[in-house]
Amino acid sequence: MTASDNAISTELLDWYDRHARDLPWRAAPGQPAPDPYRVWLSEIMLQQTTVAAVKPYFAKFLHIWPTVEALAAAPDDQIMAAWAGLGYYSRARNLAKAARVVAELGAFPETEAELRKLPGVGDYTAAAIAAIAFGERAVVVDANVERVVSRLFAIEEPLPKSRKVIRTHTDAITPECRAGDFAQAMMDLGSSVCTSRSPQCLLCPLSRHCEARMAEPEHFPFKAPKKEKPIRAGQAYWIEREQSVWLVTREGTGMLGGMRALPDDGWSAKGDGSSIPPFDGEWAEAGSVSHSFTHFSLDLSVMVTRTEQEPAIKGEWWPLDRLEQAGLPTLFAKAARRVLAG
DNA sequence: GAATCGTGGTT
DNA sequence: TAACCAAGATT
């Protein structure tokens with residue numbers, strides 16, 4: 001660590017002591033580390049997800065399952081339903097698996113290398129938990145850090161190829177002590193000052209160190225162009241009997257895997273659905289909903305029928321007055337609203 | 001290494 | 001408003 005690197009971490013930590021955000025899963029600067037369960041849970045939820053979106057889910061999970069042992073004992077469908085709406089459902093599937101591993105171990109692993117073995121815990125999350133919950137000096141690189149470091153050192157190589165050099169620079173400015181506070185300080189800086197668009201350089205404690213400061217910081221980090229998003233078409237099927245609707249549980253690890261859902265015609269990221277209903281009958285279109293996923297958009301047509309018989313597809317009758325508790329992902333919650341709105 | 005995997009807020 | 005983006009992991 002050069003003198004300049006040292007100044008960066010020192011000045012950032014000083015800024016953090018005065019400006020740290022107060023977040024439910026976080027200890028105040030300099031305070032004892034929070035419960036590893038809280039740190040882990042928040043880090044999983046925060047993957048590619050905003051603080052505002054996570055807050056109510058974090059509170060709900062902690063209320064229902066106050067400990068990792070309680071979470072480990074919960075059935076999958078309850079965990080999946082509680083996660084509904086937060087997105088990236090493989091996180092919830094891995095959350096359940098990891099909880100059971102930790103419960104079996106008796107406690108959370110305390111090193112970056114051991115944490116990295118938990119399902120759903122990758123390079124970033126292992127480093128973050130090790131630093132924040134256990135005080136290990138780990139190099140924590142998330143999208144905020146990538147942006148801040150790209151600007152600090154005016155890295156012109158585009159992401160994702162620049163990841164290696166970004167990590168090297170991050171390692172150089174990571175202090176031996178308070179690595180957890182340092183990581184959180186970098187993330188606070190990235191989310192509130194060194195923002196993607198319109199960075200607030202006048203408020204930045206690191207501006208005097210920033211090589212991009214006199215250029216155009218908002219142009220960093222450079223990024224490879226992204227592919228265009230196709231529009232797919234599909235159908236979902238609303239099968240109603242008395243005051244219940246037939247819900248399925250989606251299989252596998254693909255789109256919305258493990259989540260309760262309306263039956264559909266097999267639409268996917270690869271192509272349109274078949275438009276073939278699950279059985280012959282009198283189907284009427286109740287309307288359509290548009291939904292945008294990460295790599296494609298979907299126009300979903302919602303087909304409705306009434307029946308007295310048990311559909312031949314695996315599923316369950318779900319009472320309409322308890323539909324909120326089914327834990328439908330947002331796409332199907334939208335479809336349900338469309339039907340029920342008439 | 002590139003694709004896959006959600007959602008809601010911001011600009 | 002369409003595009004961009006967020007405390008990434010997995011295959």
Side-chain angles (χ1 to χ4, degrees), chain A residues 21 23-26 38-58 80 83-95 97-98 115-133 138-148 159-161 163-164 170 180 182-192 194-199 218 221 223-232 250 252-259 261 268-270 289-298 300 327-334:
Chain A
R21 285 179 293 178
L23 299 173
W25 45 84
R26 181 184 275 187
R38 299 170 67 98
V39 176
W40 166 70
L41 181 61
S42 67
E43 288 300 341
I44 301 298
M45 288 183 167
L46 285 162
Q47 290 167 3
Q48 297 289 285
T49 308
T50 57
V51 165
V54 165
K55 278 183 176 175
Y57 284 85
F58 181 77
M80 300 308 290
W83 196 276
L86 196 55
Y88 283 147
Y89 298 100
S90 65
R91 292 184 296 172
R93 298 193 297 269
N94 285 330
L95 190 81
K97 287 186 198 167
L115 287 160
R116 181 66 179 79
K117 297 176 183 172
L118 294 175
V121 175
D123 291 341
Y124 159 76
T125 305
I129 299 172
I132 295 168
V139 180
V140 181
V141 184
D142 76 324
N144 287 301
V145 175
E146 286 178 352
R147 185 171 58 256
V148 171
L159 286 169
K161 287 191 172 180
R163 294 243 159 87
K164 197 164 187 174
T170 307
F182 177 78
Q184 294 177 95
M186 289 286 276
M187 295 190 273
D188 279 14
L189 189 72
S191 71
S192 63
C194 194
T195 51
S196 181
R197 286 169 282 193
S198 306
E218 62 271 26
K223 292 185 179 180
K226 45 190 62 171
K227 302 172 63 175
E228 65 174 302
K229 195 184 275 196
I231 301 177
R232 305 292 183 202
R250 296 173 65 90
T253 59
M255 284 291 296
L256 312 177
M259 301 299 290
S268 74
K270 308 256 184 228
V289 296
S290 296
H291 192 74
S292 184
F293 296 106
T294 304
H295 52 298
F296 70 103
S297 294
L298 180 68
L300 185 73
L328 295 178
T330 299
L331 168 67
F332 293 111
K334 279 187 191 174

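The chains referred to below are lettered A, B, ... by the order of the sequence lines, with proteins before strands, and numbering in each begins at 1.
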What integer number of Å spans the [atom1] atoms of [N] and [M]?
N     : M     : atom1 : value
C:dA7 : B:dA2 : C1'   : 23 Å
B:dC5 : C:dC5 : C1'   : 16 Å
C:dC4 : B:dG6 : C1'   : 15 Å

Residues, nucleotides or ligands: over 12 heavy atoms within 6.0 Å of A:K334 NZ: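 Count over threshold, so yes.
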
Span of DNA chain C, from the first to the last nucleotide whose atoms fall under 4.0 Å of chain A heavy atoms: C:dC4 to C:dT10

Of A:K270 and A:L328, the one whose closest DNA chain B nucleotide lies more 5': A:K270

Position toward the 5' end of DNA chain B (nearest nucleotide), A:K227 or A:R91: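 Nearer the 5' end of the strand: A:K227.
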
Contact list for DNA chain C against residues 45-55 of chain A - heavy-atom distance below 4.0 Å: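 DNA chain C contact set from residues 45-55 of chain A: A:L46, A:Q47, A:Q48.
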
Centroid-centroid distance, A:F293 to A:H295, less than 6.0 Å: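 No, the ring centres sit 6.0 Å or more apart.
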
Sugar-phosphate only, base, or nothing, as touched by A:A269 at under 4.0 Å among non-hydrogen atoms: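 Answer is sugar-phosphate: A:A269 comes under 4.0 Å of backbone atoms only.
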
Opening and closing nucleotides of DNA chain B in contact with chain A, under 4.0 Å to non-hydrogen atoms: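 In short, chain A contacts DNA chain B from B:dA3 to B:dT11.
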
A:F58 side, atom CZ; A:M45 side, atom CE - distance, nearest 0.5 Å: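 Going from CZ on A:F58 over to CE on A:M45, the span is 7.5 Å.
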
Between CG on residue A:L41 and CZ on residue A:R38, distance to nearest 0.5 Å: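 It comes to 9.0 Å.
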
Test item: side-chain donor near acceptor, A:R91 and A:T49, under 3.5 Å: yes

